[in-house]
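This report refers to the structure that appears directly beneath it.
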Amino acid sequence: MFEDLGVFLRLGDATDVVTKEMYDFEDKGGRRIALRPEHTAGICRSFAQHRPTTPWKVWYSGSNFRYEKAQAGRFRQFDQVGIEVLGSTDALLDVEVISLGWQFFQSLGLTNVVLMINSLGDPEDRAAYIEALREYFESHSEKLSEESRATLQRNPLRVLDSKRVQDKTIIDAAPTISQFLSEDAQAHFTKVKAGLDALGVTYSVNEGLVRGLDYYQRTVFEYVSTSLDSAQTAVGGGGRYDGLVENLGGPATPGVGFALGIDRTLLACDSEEVFQGASPQIDAFIVDVVDGMTALRLADELRAAGFTVDRAYDGRSMKSQMKVADRSGARIAIIIGPDEAEAGNCTVRNLMTSEQSLVLQTEVVTHLASIVGERNPRRNTQ
Ligand code: AMP
């Protein structure tokens with residue numbers, strides 16, 4: 001959860017996550033610490049520290065923290081599940097990584113997730129492209145939104161991320177990265193596309209896709225949910241970061257990986273209704289108008305036998321407890337009044353049909369099982 005602040009500072013001044021969104025503080029030993037805003041940098045730090053054999057394939061899940069403007073689908077604490085592979089530049093590894101994330105969304109049953117890919121080229125291609133973008137946007141800066149003019153000073157690539165209507169026509173006519181790709185980077189991208197085609201993974205190339213973290217080079221990708229109606233529709237993303245380990249003080253080691261946003265994935269699952277609603281139904285509701293002791297004992301016994309049971313509290317009247325029983329959605333009410341308490345039995349009432357019968361308290365478990373079916377016992381009551 002914590003990482004040495006220096007690890008993230010090495011990601012560079014152009015990375016918003018680092019410059020604007022990081023929670024950092026000094027601990028009691030005077031160390032400068034950050035709450036991790038993402039996992040990849042920490043994994044590369046760990047690789048540089050422990051030098052495992054390559055290819056090194058790892059996965060993670062956990063919380064990240066970013067001091068962002070919170071809104072629908074964008075939180076200050078959010079969870080990610082991700083994978084990273086260090087030690088190979090093979091384009092077909094990019095394909096494996098992309099397709100694994102793709103399959104994850106497919107297996108959840110999400111049909112409205114689209115895959116977008118792009119190549120940011122090698123560092124020199126990227127640098128040349130950034131310069132061309134800077135020149136282009138500066139020559140049109142009076143037409144850009146104020147926010148994009150500020151972004152332009154920090155990182156011209158990120159201007160492409162602007163969703164502001166005012167910026168759209170300028171961005172649409174901006175130079176594209178494909179004009180700047182080296183032969184090697186082009187060949188790599190062609191192989192990635194061929195690999196995805198071979199696996200039947202559908203994608204579209206989006207030259208505006210640059211991703212927020214500035215360590216990416218060559219392949220970048222994003223999974224986007226078209227059923228989320230907020231501004232935040234990316235449910236996951238990743239790419240290749242061949243220079244990152246070296247940047248963090250390790251041996252030159254290529255890497256590729258993805259991070260899937262769990263919170264947004266769950267929002268997408270809700271909007272596509274892929275999960276069956278949880279059944280709110282409980283098996284039995286106990287109404288005890290004597291002193292609550294029989295309800296306490298029976299609820300304990302029935303729960304141990306695996307039934308889902310609730311009861312009323314605070315010694316309320318029969319009428320008020322029956323109302324709660326009706327509202328609870330329970331199929332059966334188990335009622336204990338003074339007569340039942342004295343005779344050691346209870347009235348078992350079917351709340352759907354209003355049929356009722358007297359049952360010995362010692363036989364309630366068996367009786368309930370005969371109505372709603374056996375359950376798996378939660379503990380041994382012998
Ligand atoms: P990133 O680490 O920025 O590449 O993000 C990868 C994925 O994490 C995104 O596609 C989102 O699904 C999710 N994510 C990133 N930032 C947030 C956030 N502030 N709140 C919720 N999910 C986020």
Side-chain angles (χ1 to χ4, degrees), residues 1 3 7-8 11-12 14-23 34-45 58-85 94 97-98 100-102 104-106 108 110 112-118 120 151 154-155 157-158 160-163 203 206 208-241 244 255-272 274:
M1 202 84 84
E3 186 66 71
V7 168
F8 298 111
L11 299 184
T15 307
D16 282 356
V17 164
V18 174
T19 50
K20 298 199 299 193
E21 297 169 2
M22 200 142 61
Y23 283 92
L35 280 178
R36 67 176 171 222
E38 57 109 50
H39 281 66
T40 307
I43 283 172
C44 291
R45 185 270 305 146
V58 290
W59 70 276
Y60 59 79
S61 79
S63 295
N64 293 335
F65 304 85
R66 295 182 192 172
Y67 192 79
E68 306 204 66
K69 207 165 148 225
Q71 52 187 276
R74 183 184 286 259
F75 313 113
R76 287 183 171 173
Q77 177 176 356
F78 59 97
D79 272 57
Q80 287 182 334
V81 157
I83 62 164
E84 313 287 356
V85 188
D94 305 19
V97 167
I98 296 172
L100 182 59
W102 177 251
F104 169 76
F105 294 113
Q106 301 286 302
L108 278 176
L110 291 170
N112 297 335
V113 171
V114 295
L115 168 65
M116 296 193 308
I117 61 170
N118 192 19
L120 296 177
T151 311
R154 281 199 316 279
N155 184 351
L157 264 186
R158 298 304 303 278
L160 297 176
D161 280 344
S162 164
K163 305 270 184 312
Y203 58 87
N206 176 349
L209 180 66
V210 291
R211 311 265 306 128
L213 297 150
D214 288 304
Y215 46 63
Y216 289 116
Q217 44 183 282
R218 296 201 170 185
T219 317
V220 287
F221 54 94
E222 210 155 74
Y223 309 96
V224 174
S225 164
T226 54
S227 58
L228 288 177
D229 50 13
S230 64
Q232 310 302 327
T233 54
V235 287
R240 187 163 267 293
Y241 46 85
L244 186 56
V256 58
F258 64 58
L260 311 180
I262 298 306
D263 312 75
R264 269 189 224 165
T265 298
L266 289 173
L267 290 174
C269 287
D270 281 348
S271 71
E272 287 201 36
V274 298

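Every number for a ligand or one of its atoms is a count from 1 in the order of the listing. Because only heavy atoms are used, hydrogens play no part in the values below, and waters and symmetry mates are left out as well, while side chains stay in. As the structure is a prediction and not an experimental result, all values here were calculated from the model.
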Check side chain to side chain contact (heavy atoms under 4.5 Å, CB included) between [X] and all other residues, then give those that pass, not counting sequence neighbours.
{"X": "Leu260", "answer": "Phe104, Phe105, Tyr223, Phe258"}
{"X": "Val7", "answer": "Glu3, Asp4, Ala41, Arg45, Leu248"}
{"X": "Glu21", "answer": "Asp16, Val17, Arg66, Glu68"}

Glu38 CD to Leu11 CG distance, which is reported to the nearest 0.5 Å: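 Here the interatomic distance stands at 6.0 Å.
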Exercise: identify the closest heavy-atom pair between Leu267 and Gly73: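 Looks like CD1-CA, 3.9 Å.
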Which protein N or O atoms sit under 3.5 Å from any N or O of ligand 1? Give atom names and distances.
| residue | atom | partner | partner atom | Å |
| --- | --- | --- | --- | --- |
| ligand 1 | 2 (O) | Arg66 | NH2 | 2.8 |
| ligand 1 | 2 (O) | Gln80 | NE2 | 3.1 |
| ligand 1 | 3 (O) | Arg66 | NH1 | 3.0 |
| ligand 1 | 3 (O) | Arg66 | NH2 | 3.4 |
| ligand 1 | 4 (O) | Arg211 | NH2 | 2.6 |
| ligand 1 | 5 (O) | Gln80 | NE2 | 3.4 |
| ligand 1 | 8 (O) | Gln80 | NE2 | 3.0 |
| ligand 1 | 10 (O) | Ala234 | O | 3.2 |
| ligand 1 | 10 (O) | Gly236 | N | 3.1 |
| ligand 1 | 12 (O) | Ala234 | O | 2.8 |
| ligand 1 | 12 (O) | Val235 | O | 3.4 |
| ligand 1 | 16 (N) | Arg66 | NH1 | 3.4 |
| ligand 1 | 19 (N) | Glu68 | OE2 | 2.6 |
| ligand 1 | 19 (N) | Phe75 | N | 3.4 |
| ligand 1 | 19 (N) | Phe75 | O | 2.8 |
| ligand 1 | 20 (N) | Phe75 | N | 2.9 |

Any donor-acceptor N or O pair under 3.5 Å, side chains Gln217, Arg240: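 No, Arg240 and Gln217 have no side-chain donor paired with an acceptor closer than 3.5 Å.
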